[in-house]
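Step one of this worksheet: look at the structure below.
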2 protein chains.
Amino acid sequence: MKRDSRLSSVLHALLHMAERDGPMTSGELARCLHANPVVVRRTMAFLRKAGMVGSTPGHAGGWILTADLGAISLRQLHEALGEPAIFAIGNRNETPVCLVEQSVNAVLDTAFAEAEALLMQRFEHISLADLAADFARRLPHAAAGED
Amino acid sequence: MKRDSRLSSVLHALLHMAERDGPMTSGELARCLHANPVVVRRTMAFLRKAGMVGSTPGHAGGWILTADLGAISLRQLHEALGEPAIFAIGNRNETPVCLVEQSVNAVLDTAFAEAEALLMQRFEHISLADLAADFARRLPHAAAGED
DNA sequence: TTTCATGTAACTTCAATTATTACGAATAAG
DNA sequence: CTTATTCGTAATAATTGAAGTTACATGAAA
């Protein structure tokens with residue numbers, strides 16, 4: 001299965017945008033992410049709908065942050081992306097008639113729900129500002145290194 | 001992405017086997033699971049390698065449990081299946097040069113690792129016997145209903 | 001008006017499980 | 001011994017959703 005890396009991508013993109021004065025184009029972001037510009041636009045469109053970024057076409061256009069780094073949590077980003085499925089493991093049949101399978105589903109659902117709740121709780125308390133701070137700690141007082 | 005339902009499948013299969021005196025054929029299990037007999041054999045082969053079930057070919061052959069229900073935990077089953085990826089979400093690049101992306105990966109890895117640890121802890125303490133007990137509670141003292 | 005850049009639609013590619021077909025090997029019944 | 005049954009496994013398609021690609025329309029600024 002191919003894993004969804006959009007959350008990882010937008011975090012990377014937003015942090016690069018935060019270190020930039022003007023807008024960044026899809027092409028520039030794509031080069032940072034080693035990705036495709038169309039995919040970048042497609043993914044960033046989700047964040048635009050959520051009011052986190054803005055885009056302007058034409059000369060000197062591109063993408064800019066429209067919210068404070070401290071006001072954007074990983075959870076909000078996950079939601080902005082449409083809350084994609086977190087787990088690659090799931091029930092074979094979500095609405096079984098078989099009582100045995102109902103027991104199996106109930107037990108697995110409970111365990112996965114607990115794990116998801118923990119993850120969302122963590123995501124809730126991590127903001128882009130936290131990530132930026134972590135990045136600053138990694139900088140060995142060299143010039144801001146791009147990728 | 002297509003979700004992996006093998007853990008769910010083998011739980012369902014093992015519980016049906018537990019309620020049976022003799023062996024169950026791949027065809028019978030496939031009918032229970034609404035699945036394909038070849039897929040059943042392929043999946044059950046993992047559990048055979050782990051010593052949880054046995055198979056015999058030919059007349060009156062099929063699959064039998066070779067371990068106690070209380071001795072098989074969800075965690076052991078997950079391991080027997082080769083510990084497939086749990087999350088459908090992941091980093092875009094696992095070995096980034098970019099310091100920004102390293103921060104992103106570190107933060108996400110930590111959160112996902114915590115969620116995985118919780119899930120594995122739950123799996124460790126849930127046995128097939130627990131599932132069988134849950135199933136018994138669901139039975140409205142009707143005849144053992146098959147699917 | 002020309003040039004960038006976004007906005008999208010319409011594909012193709014990719015990855016991993018699941019499904020299907022086919023055939024060989026082993027076991028037990030007759 | 002022959003036959004029916006059942007597992008073992010290889011080879012190939014179907015499936016699903018993200019990611020990549022191509023193409024073109026739209027909008028903004030020089």
Side-chain angles (χ1 to χ4, degrees), chain A residues 1-10 12-13 17 20 22-49 53-64 66 78 81-94, chain B residues 1-10 12-13 17 20 22-49 53-64 66 78 81-94:
Chain A
M1 126 215 357
K2 199 162 205 168
R3 292 169 92 183
D4 183 346
S5 63
R6 285 178 298 175
L7 180 58
S8 163
S9 293
V10 299
H12 190 178
M17 287 164 60
R20 178 71 75 84
M24 279 185 84
T25 69
S26 308
E28 286 174 314
L29 288 171
R31 235 170 296 129
C32 282
L33 306 178
H34 303 293
N36 187 286
V38 176
V39 175
V40 169
R41 287 201 280 274
R42 204 147 62 198
T43 308
M44 295 295 283
F46 284 99
L47 308 193
R48 184 180 49 214
K49 276 182 229 152
V53 301
S55 64
T56 54
H59 256 293
W63 299 85
I64 55 167
T66 57
H78 176 66
L81 292 173
E83 305 195 55
I86 291 174
F87 297 107
I89 295 179
N91 298 326
R92 176 171 179 84
N93 175 357
E94 288 301 344
Chain B
M1 126 220 353
K2 198 161 206 168
R3 292 169 92 180
D4 184 345
S5 63
R6 285 178 299 176
L7 180 58
S8 164
S9 293
V10 299
H12 189 178
M17 288 163 60
R20 180 70 76 84
M24 280 184 83
T25 68
S26 307
E28 286 175 313
L29 288 171
R31 236 169 295 130
C32 283
L33 306 178
H34 303 293
N36 188 286
V38 176
V39 175
V40 168
R41 287 200 280 275
R42 203 148 60 201
T43 308
M44 295 293 285
F46 283 99
L47 308 192
R48 184 180 49 215
K49 275 183 227 151
V53 302
S55 63
T56 54
H59 255 292
W63 298 86
I64 54 167
T66 56
H78 176 65
L81 292 173
E83 304 195 55
I86 291 174
F87 296 107
I89 295 179
N91 298 326
R92 177 170 179 82
N93 176 356
E94 288 300 345

Measure from CG on A:L29 to P on C:dA5 and round the result to the nearest Å. 12 Å

Looking only at heavy atoms, which two atoms of B:A85 and A:A88 are closest? And how far apart? O-CB, 3.6 Å

Nearest to the side chain of B:R48, heavy atoms from C-beta on, is which of C:dA5, D:dG8, D:dA18? D:dG8

Between B:A45 and A:T43, name the one whose nearest nucleotide on DNA chain D is closer to the 5' end. B:A45

With a cut-off of less than 4.0 Å, is there a side-chain N or O of A:S5 near OP1 or OP2 of D:dA19? yes

Separation of C:dA15 atom P from B:F87 atom CZ, nearest Å, is 22 Å

Please report the closest heavy-atom contact between A:A60 and A:P23, naming both atoms and the distance. O-CG, 3.4 Å

Between C:dT18 (C1') and A:I89 (CD1): distance, integer Å: 15 Å

Counting N and O atoms only, with roles assigned by atom type, does the side chain of B:S8 sit under 3.5 Å from a partner on the main chain of A:R92, one being a donor and the other an acceptor? yes

Closest heavy-atom pair, B:V40 versus B:L33, reported as atoms and distance to 0.1 Å, is CG2-CD1, 4.2 Å

Measure the SG-CE distance between B:C32 and B:M24 for me, rounded to the nearest 0.5 Å. 4.0 Å

D:dT21 phosphate, OP1 or OP2, under 4.0 Å from A:N36 side-chain N/O: yes

Can you find a side chain N or O atom of A:S26 that sits less than 4.0 Å from OP1 or OP2 on C:dA5? no

If you check every side-chain atom of A:W63, which of C:dG7, D:dA23, D:dC7 has the closest atom? C:dG7

Cationic tip of B:R6 within the cone over B:F46's six-membered ring, i.e. under 6.0 Å and within 45° of the normal? yes

Which nucleotide, D:dA23, C:dT6, C:dT18, lies nearest any side-chain atom of B:V39? C:dT18

Any A:R92 side-chain nitrogen or oxygen under 4.0 Å from OP1 or OP2 of C:dA19: yes

Starting at atom CZ of A:R42, determine the distance to atom C1' of C:dT6, rounded to an integer number of angstrom. 14 Å

Can you tell me if A:S55 touches the phosphate of C:dA5, counting only side-chain N or O atoms and a distance under 4.0 Å to OP1 or OP2? no

I want to check something: taking the side chain as every heavy atom from C-beta on, are A:V53 and A:I64 in contact at a cut-off of under 4.5 Å? no

Identify whether any heavy atom of B:G62 sits under 4.0 Å from a base atom; if not, whether one sits that close to sugar-phosphate; answer base, sugar-phosphate or nothing. sugar-phosphate

NA contact type, A:R6, heavy-atom cut-off 4.0 Å: base, sugar-phosphate, or nothing? sugar-phosphate

Polar atoms only, N or O, under 3.5 Å: list the protein pairs with nucleotides 24-29 of chain D and their distances.
| residue | atom | partner | partner atom | Å |
| --- | --- | --- | --- | --- |
| D:dG27 | N2 | A:G58 | N | 3.1 |

A:E83 CD to D:dG17 P, in whole Å, measures 17 Å

What is the distance from CD1 of A:I86 to P of D:dA18, rounded to the nearest Å? 14 Å

Interatomic distance where CD1 belongs to B:I64 and C1' belongs to D:dC7 [whole Å]: 14 Å

Will you find, in the side chains of A:T25 and A:W63, an N or O donor that is under 3.5 Å from an N or O acceptor? no

If I take atom CZ in residue B:R31 and atom C1' in nucleotide C:dA19, what distance separates them, rounded to the nearest angstrom? 17 Å

